[in-house]
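Comments concern the structure below.
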Amino acid sequence: MRRRLVMVGNGMAGVRCIEEILQLAPDAFEITIFGSEPHPNYNRILLSKVLQGDSGIKDIVLNDRDWYTKHGIQLYTGENVTHIDPEKQTVLSDSGRIRGYDVLILATGSLPFMLPLPGVDKPGVMAFRSISDCLQIIEAAQTYRKAAVIGGGLLGLEAARGLLNQGMEVDVVHNSPYLMNRQLDRTAARMLQEKLEVQGMNFLLDKNTTRISGRKRVGGLHFADGSHISADLVIMAVGIRPNAELALRSKIRVNRGIIVNDRMETSAPNIYAVGECAEHRGISYGLVAPLYEQGKVLARTVCGVQTAPYQGSTLFSQLKVAGINVFSAGQIHEETADQSIISYDGQRGTYKKVVISSTGSIAGAVLFGDVREGTNLLEHIRRQSDVSVLYKTDNQEEASSTGDSLIAEMSDHETVCSCNGVSKSRIMTAIREEGLETVEQIRECTRATGTCGGCKPLVHALLNYTLSNKESGIQKVEAICDCTVYSHEMVKEAIHSNSYEDEYQLMTSLGWNEPMGCETCLPALKYYLGSQNPSLFNKEDSRKKSGALRREDGTYTVIPRIPGGSLREKELTLITDAVRKYEIPHTRLTNGGMELSGILDSDIDSLIQHLGLEVMEYHYGHPLPPITTCTEPGCGVDAYHEAVRLAAKLEMSFGTRQMPSPLSIAVSGSPRHLAGTLTKDLGFAAVPAGWEVYVGGSGQQPLVQGQLLSVEPGDEEAVKLGAAFLQWYRESAWFMEPSWEWAQRMGGIIKLREELFDEQFRDDLAERWSRQPYTEHSGLHTLVLNN
Ligand SMILES: Cc1cc2nc3c(=O)[nH]c(=O)nc-3n(C[C@H](O)[C@H](O)[C@H](O)COP(=O)(O)OP(=O)(O)OC[C@H]3O[C@@H](n4cnc5c(N)ncnc54)[C@H](O)[C@@H]3O)c2cc1C
């Protein structure tokens, strides 16, 4: 049966969260939305463009009424929810409607903050928050001539630009000595002010308003220094406060906003909050990009899908005033940082400041005039990249300062549209595969540019770049599976340069089409994450820590590792005792070792302790297999012992490392390859000169004969070369790429020889191989080999 989901607030953050829910679990909920405004969900950000005359109200609707109907959503517009009864799990609206819920989402947004000045309630004093405000301002501009905007921040300046476009004279009153003082430094603010003055804006800085005068309606503003101005329309743009009154009335914990944890849960059971009304770790965000991130986490939480916690966001802002490019992100004031790198070009009217933290990482940035680097810098701020990356970019820029070079430099997973989390590769793939030719088509298809529009120039440049490189043989990227446009290589690169908590956070961050992934991509992501940070998967579940393999019926299989396959009576006894004691129903000798299967969940830990042997570990990839050797009757006593000796040494060195695909390794004690050495991923055959080492064979369909990599004089050299080969494969193979395919991709056996004969390269690989320690089970070292 569908659960009842009620959402209070029909704004940008809430509805985006519903979209995420519909994608994850389209049939899980019966959804009801209450919105106090009379409109379906619209893009509040673009109200600035409506006021500036660049868009109409129709153009800014995000989800029209048909969308709600199509998804079976009951929408009540113009209806205010006035009460929540958390005990009975119901909400009550101002029309007397009562709705029961299983899940309640509060997405009530913010209220504009109105300074409590004498005269603030006079007609003609307005906020700029909703369609209704916007239409009233446009109407007032038909009658009145002189406007004042209180507040020289983003919203105030966008409103002022709109009023100019409506034909009014505009004074901007700001209580700080410079504009946008939270996002800009003095230099950028001065450049901005000069540009806006040229456009016709007048500024009164460092002015504290004390009173709004006027008889029947507003007539002017009075300031603390005794001065005053006349105004017949006043727009208050001094900030917002989270709209948390409904929650407060319902005894839900509220500070400035509705307090939520990392899963967006409020203090009341089954009640969540998202958007500007929520307060997470002391912060209520006032920009959509973080709100959309919250929405993703909340959608996963209510759908019961594993999710990384919401941990806060890096803020960035861009001014939406035609002809002026300003970008600001992260920490931009030096007093809290160590130093900054500044470049200023008075001729071109460009300014760039990058703030560096005391640890040398990029902490913030301000750009004026040319903001093309904005997304790049934002990515570095999020990753806390070392400042040295900038010098590299600067040098490259000197060589070529075209937009193309900037785009070529961007890594594929870099975010282009930060509001909607759309990456460079997502856009480029859409252009190529869907045959897109305009920015509007890209917006339709990917959502990029669809929210604040600040990334439009970059998307445009990407479009030109992709179209002009289409015929020049740009390689088509092969995606891991249909859930994504990312290839194995791109995912590995993204993991390398970011830290992700798990595969779900990775998918969210890279904008997976299928939020739950599939059986092809999920194990691959897990492997790539685990190979960078094994502790992610070791800590997940103690059962996995013990390495046992879970079977479909809920029991486990344990495979003790037996170096060289050589057992003494002591180990045999341990195993048979264990079979009896734990009533293990299935034991099987395979060339993969001795499998003990059907073990109960409750017995695993004590069984492994009882055995005191290292076991094959199944964590995030495929464990290295037991090594096959030739048998005594087939190859003779000496060759057999020779093979077992090397196999034991190899197993001691190789341990239970996780590999990208299931491998096979064998040792033959003679050149007759009786252990099947020629059809293994890695094979060793004893010859008079030492050990022949074969790689890239396959005993499965298609049958592939391994190729001779080298002849090594002794055991130590053979073990080291084997380790170097496996490490190289482990680092560069794609998940489930067989070693023979990998070898071909790397340039064939000649190339492998060339590279692995480079002493330095081989030593480096062997060193990295040895860095991964043995697993905790040290029973291996108690084994005494019988030769
Ligand atoms: C002019 C302007 C320009 C902006 N520019 C940018 C920008 O460039 N970049 C950017 O990132 N952000 C910008 N923002 C901010 C951005 O619009 C907000 O961050 C975003 O809209 C917040 O979404 P929300 O869903 O939390 O709240 P809202 O969009 O405000 O939605 C909340 C809704 O809930 C309704 N509601 C409240 N209480 C109840 C109740 N009890 N019952 C029923 N309904 C209720 C409200 O009426 C409202 O419709 C701008 C905002 C404005 C006003």
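When a ligand or atom number is given, it counts from 1 through the structure's own listing order. Predicted model only: the values in this text are computed from it and were never measured.
- Taking distance alone, with nitrogen or oxygen atoms compared against 3.5 Å, Met12 approaches ligand 1 more closely than that limit.
- Among protein heavy atoms, the minimum distance from atom 7 (C) of ligand 1 is reached at Lys320 NZ, 3.4 Å.
- Neither the backbone nor the side chain of Tyr285 comes within 4.0 Å of ligand 1, counting heavy atoms alone.
- Shortest contact from atom 49 (O) of ligand 1 to any protein heavy atom: Glu37 OE2, 2.6 Å.
- Nearest to atom 50 (C) of ligand 1 by heavy atom, out of Ile131, Asp94, Leu287, Ile45, is Ile45.
- Near Gly14, with a cut-off below 4.0 Å to any heavy atom, the atoms of ligand 1 are 25 (O).
- Judged by a 6.0 Å distance limit and a 45° cone about the ring axis, Arg300 is not positioned over the six-membered ring of Tyr504.
- At most 12 non-hydrogen atoms from other residues, nucleotides or ligands lie less than 6.0 angstrom from CD of Gln384.
- Here the heavy atom of the protein found nearest to atom 27 (O) of ligand 1 is Gly109 CA, 3.2 Å.
- Distances below 4.0 Å separate heavy atoms of Gly286 from the following atoms of ligand 1: 15 (C), 19 (O).
- For atom 35 (C) of ligand 1, the nearest non-hydrogen atom of the protein is Ser36 OG, 3.5 Å.
- In summary, Arg145 and Glu169 do not engage in a salt bridge, as defined by a charged side-chain N under 4.0 Å from a carboxylate O.
- Protein heavy atom nearest atom 19 (O) of ligand 1, with residue, atom name and distance: Glu276 OE2, 2.5 Å.
- Under a cut-off of 6.0 angstrom, the local environment of NZ in Lys122 is crowded, with over 12 non-hydrogen atoms contributed by other residues, nucleotides or ligands.
- At the shortest separation from atom 34 (O) of ligand 1 among protein heavy atoms lies Gly9 CA, 3.2 Å.
- Counting heavy atoms of neighbouring residues, nucleotides and ligands inside a 6.0 Å radius, atom CZ of Arg249 exceeds 12 of them.
- Under a cutoff of 6.0 Å and an axis angle of 45°, Arg16 and Tyr292 form a cation-pi pair.
- If you number the atoms of ligand 1 from 1 as listed, the ones under 4.0 Å from a heavy atom of Leu291 come out as 19 (O), 22 (C), 23 (O), 26 (O).
- Less than 4.0 angstrom separates some heavy atom of Gly11 from each of these atoms of ligand 1: 25 (O), 29 (O), 31 (O), 33 (C).
- Looking only at side-chain heavy atoms (C-beta outward), Trp67 and Ile73 come within less than 4.5 Å of each other.
- When all heavy atoms are compared, the tightest approach of Gly450 to Asn420 is N-ND2, 4.3 Å.
- Heavy-atom contacts of Arg129 reach the following atoms of ligand 1: 27 (O), 28 (P), 30 (O), 53 (C) (cutoff under 4.0 Å).
- Looking at Ala107, Ala273, Ser284 and measuring to atom 32 (C) of ligand 1, the nearest heavy atom belongs to Ala107.
- Considering backbone and side-chain atoms together, Val288 places an N or O closer than 3.5 Å to an N or O of ligand 1.
- For the pair Asp59 and Lys49, the salt-bridge criterion is not met [side-chain N within less than 4.0 Å of a carboxylate O].
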Check: Run the salt bridge (Lys or Arg N to Asp or Glu O under 4.0 Å) check on Arg241 and Glu276 step by step: do they pass?
Finding: CA-CA 8 Å; Arg241 63 185 170 84; Glu276 284 186 348; over 6 Å; no
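- Salt bridge annotation for Lys320-Glu158: present, with a cationic side-chain nitrogen under 4.0 angstrom from a carboxylate oxygen.
- For ligand 1 and Ser48, the ligand atoms under 4.0 Å from any heavy atom of the residue are 1 (C), 3 (C).
- Shortest contact from atom 2 (C) of ligand 1 to any protein heavy atom: Leu155 CD1, 3.4 Å.
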Item checked: salt bridge (Lys or Arg N to Asp or Glu O under 4.0 Å) evaluation trace for Glu37 with Arg44 -> CA-CA 12 Å; Glu37 293 184 66; Arg44 197 173 297 282; 2.8 Å; yes
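- Listed for the Ser313 side chain is no donor-acceptor partner under 3.5 Å among the backbone atoms of Leu315.
- Distances below 4.0 Å separate heavy atoms of Asn243 from the following atoms of ligand 1: 37 (C), 38 (N).
- Contacts with ligand 1 closer than 4.0 Å are made by no heavy atom of Val15, backbone or side chain.
- Closest to atom 39 (C) of ligand 1 by heavy atom, among Asn80, Ile84, Leu111, Val91, is Asn80.
- Distance alone, capped at 3.5 Å, places no donor-acceptor pair between the Asn43 side chain and the Ile60 backbone.
- Every N/O-N/O distance between Cys277 and ligand 1 stays at or above 3.5 Å.
- Judged by the shortest distance from any of its heavy atoms, Arg16 lies outside the 4.0 Å radius around the atoms of ligand 1.
- Under a 4.0 Å N-O distance rule, the pair Glu87/Lys251 does not qualify as a salt bridge.
- For ligand 1 and Thr108, the ligand atoms under 4.0 Å from any heavy atom of the residue are 32 (C), 34 (O), 37 (C), 38 (N), 39 (C).
- Checked by distance only, ligand 1 and Val81 come closer than 3.5 Å through their nitrogen or oxygen atoms.
- Regarding atom 29 (O) of ligand 1, its nearest protein heavy-atom neighbour is Arg44 NE, 2.9 Å.
- Heavy atoms of Ser317 found under 4.0 angstrom from ligand 1: none, in either backbone or side chain.
- Counting heavy atoms closer than 4.0 Å to ligand 1, residue Val8 contributes side-chain atoms (C-beta onward) but none from N, CA, C or O.
- Note: His280 and Tyr310 meet the aromatic proximity criterion, with ring centroids under 6.0 Å apart.
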